[in-house]
Amino acid sequence: MGILRKTKYQSFRLNVPGANAKVSTQSDAATVSNYEKVTGVQVSVSNAIAADTGTFDKFEIDSQEIYPPGFGVNILSCGRDVPPNDRFDKDVEVRAANSPVNITYADPNTPGIVYPYIVVITLKLSNPTEFK
Amino acid sequence: MATSVKTKYIVIDISAPANGGTRKFSRKLPDNLALIEGYLVTTQNEGAIANNQHLGFISVNINNRMSHPVMEPVLSHKRAFSKRKFSFAQLAEPVQGGTYVEGYYKNDLNNAYTVKLYLKGKQISYHEAK
């Protein structure tokens, strides 16, 4: 039997082309198969104004709502001075193991945003124990 | 029958009216919401002049006005993006599912902007045990 590793970080990248755009993960987006749970969520946005005003229209993993429509990306994002393990919303626990990831980001069309920009959603995947 | 408890967020958008006006809000909570354990108020587009200043005042009632846990000023912060992460202020409010969260936001500035009230709760669901 192979080793089950404890932690993996998996990212989903969304390219936002213009004002008012709604950008979604691909229809077949899913967590990797050999990790049991999603235990953290972090978001980073390449445009500072969009990072403060952008929202999610949908954020579902394993067909379960994690964040409701209108949830601000600023709640899930921070800068590099925050310690790495503190950057994640840890109050998330949903089945991973090839679960569908269905996320839609809505551009806020705030004055000053320069297009295109990028939104990256990073999931922390965990296994509870290690086996050999 | 198995029970699962999950985190559930409620987001309420409030348009702060111009010229010191007051905006009421009301939202029906999900039927299976059992507890509100935190809240967070953020603002957007209040303008650079509002940096680090008092913006307004928010009041929040829960359980069809049986409980009044939040009544406080709202401040603007120029967010030092690299140093801060938003976190929820603690509450421990048992909720009767299907009741309303209501309240108002009083704008103490002359310009309009957006306020977001986040409630973090726990919802209970029942399902067949596997």
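Naming: A, B, ... by sequence-line order, numbering from 1 per chain. Just the heavy atoms: all of them, side chains too, but no hydrogens, waters or symmetry mates, feed the values below.
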Inset, instruction - Look at the rings of B:Y9 and A:Y67 and say which category their plane angle falls in: under 30° parallel, 30 to 60° tilted, over 60° perpendicular. - result: tilted
Taking atom [atom1] of [X] and atom [atom2] of [Y], what is their separation to the nearest 0.5 Å?
| X | Y | atom1 | atom2 | answer |
| --- | --- | --- | --- | --- |
| B:F86 | A:C78 | CZ | SG | 11.0 Å |
| B:K85 | A:N74 | NZ | CG | 10.0 Å |
| B:S125 | A:Q64 | OG | CD | 8.0 Å |
| B:T7 | A:D89 | OG1 | CG | 8.0 Å |

Inset, instruction - State whether the number of non-hydrogen atoms from other residues, nucleotides or ligands found under 6.0 Å of A:F12 atom CZ is greater than 12. - result: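 For A:F12, atom CZ is crowded (more than 12 foreign heavy atoms under 6.0 Å).
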Inset, instruction - Check whether more than 12 heavy atoms from other residues, nucleotides or ligands sit under 6.0 Å from atom CD of B:E72, and answer yes or no. - result: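 For B:E72, atom CD is crowded (more than 12 foreign heavy atoms under 6.0 Å).
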If every non-hydrogen atom of [X] is compared with every non-hydrogen atom of [Y], which pair is closest and at what distance?
| X | Y | value |
| --- | --- | --- |
| A:T53 | B:Q44 | CA-NE2, 3.6 Å |
| B:K6 | A:E93 | NZ-O, 4.4 Å |
| A:P68 | B:V11 | CG-CG2, 3.6 Å |

Treating Ile, Leu, Val, Met, Phe, Trp and Tyr as nodes and any side-chain heavy-atom pair under 4.5 angstrom as an edge, say whether [X] and [Y] lie in one connected cluster.
| X | Y | answer |
| --- | --- | --- |
| B:F88 | A:F59 | yes |
| A:V92 | B:L40 | yes |
| A:V120 | A:F88 | no |
| A:V32 | A:V41 | yes |
| A:V23 | A:I103 | yes |

Inset, instruction - Just do the side-chain contact (heavy atoms from CB on, under 4.5 Å) check on B:K116 and A:I75 with the steps written out, would you? - result: CA-CA 11 Å; B:K116 274 184 179 285; A:I75 309 301; over 6 Å; no
So which part of [X] gets closer than 4.5 Å to some heavy atom of chain A, the side chain, the backbone, both or neither?
| X | value |
| --- | --- |
| B:I12 | neither |
| B:Q123 | neither |
| B:T114 | neither |

Legend entry - Portion of A:I49 that has a non-hydrogen atom of chain B nearer than 4.5 angstrom: neither
